[in-house]
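A short worksheet on the structure shown next.
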2 protein chains.
Amino acid sequence: MKERKTDLTGGLVCPVPITNYDKIVMAHGGGGTLSHQLIQKMFLPEFDNELLQAEQDGAVYEVGGIRFAFSTDSYVVKPIFFPGGDIGELAVYGTVNDLAVCGADPQFLSAGFIIEEGFSMEELWKIVQSMKKAADRAGIKIVTGDTKVVDHGSGDKIFINTSGVGKIRDRVNLSWERIETGDKIILNGKIAEHGIAILSVREEFQFETDIRSDSAPLNDLIGKLLDVCPDVHMMRDPTRGGISSALNEIAMKSGMGIRLEESRIPVGEGINAICEILGLDPLYIANEGKVLVFTSAADAPGVLEAMKKHPLGQDSVIIGEVVADHPGRVVMKTLIGSNRVVDMLSGEQLPRIC
Amino acid sequence: MKERKTDLTGGLVCPVPITNYDKIVMAHGGGGTLSHQLIQKMFLPEFDNELLQAEQDGAVYEVGGIRFAFSTDSYVVKPIFFPGGDIGELAVYGTVNDLAVCGADPQFLSAGFIIEEGFSMEELWKIVQSMKKAADRAGIKIVTGDTKVVDHGSGDKIFINTSGVGKIRDRVNLSWERIETGDKIILNGKIAEHGIAILSVREEFQFETDIRSDSAPLNDLIGKLLDVCPDVHMMRDPTRGGISSALNEIAMKSGMGIRLEESRIPVGEGINAICEILGLDPLYIANEGKVLVFTSAADAPGVLEAMKKHPLGQDSVIIGEVVADHPGRVVMKTLIGSNRVVDMLSGEQLPRIC
């Protein structure tokens, strides 16, 4: 049979909107500047619609007078089993948390598996059981799924996509647009644990540490704080790119300034030590059980109290506030009293962290 | 730093339910017997809930008195550009069709990209544009997304997951349980085009043919036939594993017998010729723009007429019926008048077809 010569890609309809990279690099998936560029220059303008433009962790839409959140994430974490969790649990909690920070009670989850030929049936079974346990803990049902197998060498053990839907709570309206000068920013505990836990078992790093991923479902914690204060302005779970990238995105999108107090940001001793040795900044390291809550100064004490009562919020603390100065930027008052601009993650620090 | 010796996978909670394979093989993703086994023995029992047990192409749930369908699929088709389509278009239409055969009007779509480091930005842009065009044609909005990048050699160019939600039409109730003896089975056109189009550009086969994928959004066709007859009993889009696998699943799940008339099953001349040369059976080859409609004998003429009026249903035909004989099995009256049992795909014929 003859070789086909046709150009199957056809001609391009219009020029590629990203001109500084002709190939995808790891940082396009890192949650920092290049991820942001890909989304802002390619996906958003092309898929253009008002729901996508809202750029929440999930889309918010209304059907028959009921508001829903809908979110998706693919998980490619490496290794698939790590201290404090595994890819299955992460895939459930990650999407649960994306729905929760939209103000939704997560209800239904889909699971799409892309498995590499030759992957261990025993490990798959372990992951499936872990997903079930995580779904039960988060109170969400896995209701639909799909399994694809790719030939050996065309994948890496297993990738999992989860998408989820949930009904948004009455009286809750979370949006960039609601952020105001003077809003307090509350964080529910110590940062960078997920990223460092993954790093500790990477082939190229492997070191002994007790640090475990903070991977956890945040919907119960968030539900409790919304019970106390449905008027919270905005929430975000700072995963890839750490709290710095999440806060920078919020600052850019809202056009507000954010001021952090370094002395108030909870970082474990072990994390600090490892970050110093490896030259990493915990502000840029991924979390999987943390939430940033923006609320009015008047509501902040009540929200903080509600969060501290929850097992996942005992270390909650106000880490900063929204300011009129330096619009669109995040600035941190450091331990020695100077001010430091906290940029979005520029390269990628830790690939395949989630 | 010391090497970590801990067993991160922990102990298994209970024995692996699939004992005849200790590793995943390509056929576990082929849509045939092994896919079926993985779903039936591992996923369904563990994720156990009534929505998943319904085993539709999507989950059907009710919130505030409104019924919704929710579906997910990951696309790993190889090559990513093929005659008649590409992975982006396929990812949109595939999930649109899964929602449509649940009786839903597809409304919102998520897009999760897993991209291999080094993938061409130009090809990504081509795919993104193709998704937008497909979404517009199907009348669905891409409202949320995610991008992950995996290192070179850990993926294969690009995998796309799409999940979708849509409101189920009033008065429409599609389910295995509604299939009855005497129901007619209508198909909207020629089979096996998608699979053969992919095959024609695979490195190991490459042959010259005009055959193009039938990849198309079926929601408009299905909407039109449901306008005429909302009482249709069941629908299914026969993708991986072809019409034989789809019909076998329906026969097994419903416990009914299915009788096909080979003379009525539309197969293009080119497809027949290629299948004969390669020793393939078109009944087992994937479609991406076909639907199997189960409807009462009384309603069948009206449904058929409505389908024939639509551009995607001009070749619609009744290919068989539901019978009381041979419960749970599919039997075909062949061209020479004998009866042949049509089994579910047992190995996998064409990997990575969608």
Side-chain angles (χ1 to χ4, degrees), chain A residues 1-4 8-9 12-13 16 18 21-24 26 28-29 42 46-47 49 51-52 58-59 61 63-64 66 70-74 76 81 108 110 112 114-115 117-119 121-122 125-126 128-129 132 141-144 146-150 154 156 159 161 163 167 201 206-208, chain B residues 1-4 8-9 12-13 16 18 21-24 26 28-29 42 46-47 49 51-52 58-59 61 63-64 66 70-74 76 81 108 110 112 114-115 117-119 121-122 125-126 128-129 132 141-144 146-150 154 156 159 161 163 167 201 206-208:
Chain A
M1 292 174 193
K2 280 193 224 163
E3 199 184 323
R4 170 186 293 271
L8 289 167
T9 67
L12 290 172
V13 179
V16 182
I18 295 173
Y21 284 87
D22 66 346
K23 289 185 191 307
I24 289 286
M26 292 303 290
H28 283 116
M42 190 180 280
E46 185 65 13
F47 294 153
N49 61 67
L51 298 181
L52 196 61
Y61 58 82
V63 178
I66 304 171
F70 176 33
S71 186
T72 193
D73 257 321
S74 297
V76 300
F81 297 98
F108 305 110
S110 67
I114 299 176
I115 310 177
E117 183 187 16
F119 183 58
M121 193 65 84
E122 198 168 297
W125 176 227
K126 173 78 183 161
V128 166
Q129 290 177 91
K132 166 65 173 169
K141 285 180 178 171
I142 299 169
V143 295
T144 191
D146 173 56
T147 308
K148 294 293 191 311
V149 178
V150 295
S154 289
D156 190 4
F159 303 143
N161 176 284
S163 301
K167 185 172 168 292
V201 287
Q206 294 205 354
F207 48 87
E208 285 225 48
Chain B
M1 292 173 194
K2 280 192 224 162
E3 200 183 322
R4 171 184 293 269
L8 290 168
T9 67
L12 289 173
V13 179
V16 182
I18 296 175
Y21 285 87
D22 66 346
K23 290 185 191 306
I24 290 286
M26 292 303 289
H28 282 117
M42 190 179 279
E46 185 65 14
F47 296 152
N49 61 66
L51 298 182
L52 196 62
Y61 57 82
V63 178
I66 304 171
F70 176 33
S71 187
T72 193
D73 257 322
S74 296
V76 299
F81 297 97
F108 304 110
S110 67
I114 298 175
I115 311 176
E117 182 187 15
F119 183 58
M121 193 66 83
E122 197 168 299
W125 177 228
K126 173 79 182 158
V128 165
Q129 290 176 93
K132 166 65 173 171
K141 284 180 179 170
I142 299 169
V143 295
T144 190
D146 173 57
T147 308
K148 293 293 190 310
V149 178
V150 295
S154 289
D156 191 5
F159 303 143
N161 176 283
S163 301
K167 186 173 168 290
V201 286
Q206 294 205 354
F207 48 86
E208 286 225 45

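Every chain is numbered from 1, with letters handed out A, B, ... down the list of sequences.
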Practice task
Flag the pair B:Met121 / A:Ile24 as yes when at least one side-chain heavy-atom distance between them is below 4.5 Å, and no otherwise.
Solution key: yes
Exercise for the section: For the pair A:Lys148 (side chain) and B:Val76 (backbone), establish whether a donor and an acceptor sit closer than 3.5 Å, ignoring hydrogens and angles. Expected result: no
Completion exercise
dist B:Ile114:CD1 -> A:Ile114:CD1 (nearest 0.5 Å) comes out at 4.5 Å
Exercise for the section: Counting only heavy atoms closer than 4.5 Å, note whether B:Phe159 contacts chain A via side chain, backbone, both or neither. Expected result: side chain
Handout entry: Interchain contact, B:Ile18 with chain A, by part (heavy-atom threshold 4.5 Å)
Key = both
Exercise for the section: Sort A:Lys132 into side chain, backbone, both or neither according to what part of it lies under 4.5 angstrom from a heavy atom of chain B. Expected result: both
Handout entry: Donor-acceptor contact below 3.5 Å, side chain A:Asn49 vs main chain B:Ile142
Key = yes
Problem - Residue, of A:Glu46, A:Lys167, A:Glu117, that accumulates the most heavy atom pairs under 4.5 Å with chain B - result: A:Glu46
Problem - B:Thr72 side, atom OG1; A:Asp146 side, atom CG - distance, nearest 0.5 Å - result: 6.5 Å
Fill in the blank from the handout: Interface check, chain B: of A:Tyr21, A:Phe119, A:Phe70, most non-hydrogen pairs under 4.5 Å belong to A:Phe70
Problem - Option that, when pairs with chain A are counted at under 4.5 Å, heavy atom only, ranks first among B:Ser74, B:Ala59, B:Ser163, B:Gly29 - result: B:Ser74
Completion exercise
Of B:Ser154, B:Ser71, B:Gly112, B:Ser110, the largest count of non-hydrogen pairs under 4.5 angstrom with chain A goes to B:Ser154
Exercise for the section: For A:Tyr61, check ring-ring contact (aromatic ring centres under 6.0 Å, His included) against everything at least two apart and list the hits. Expected result: A:Phe68, B:Phe108
Practice task
Give the member of B:Ile115, B:Val150, B:Ile66, B:Leu51 that has the highest number of heavy-atom pairs under 4.5 Å with chain A.
Solution key: B:Val150
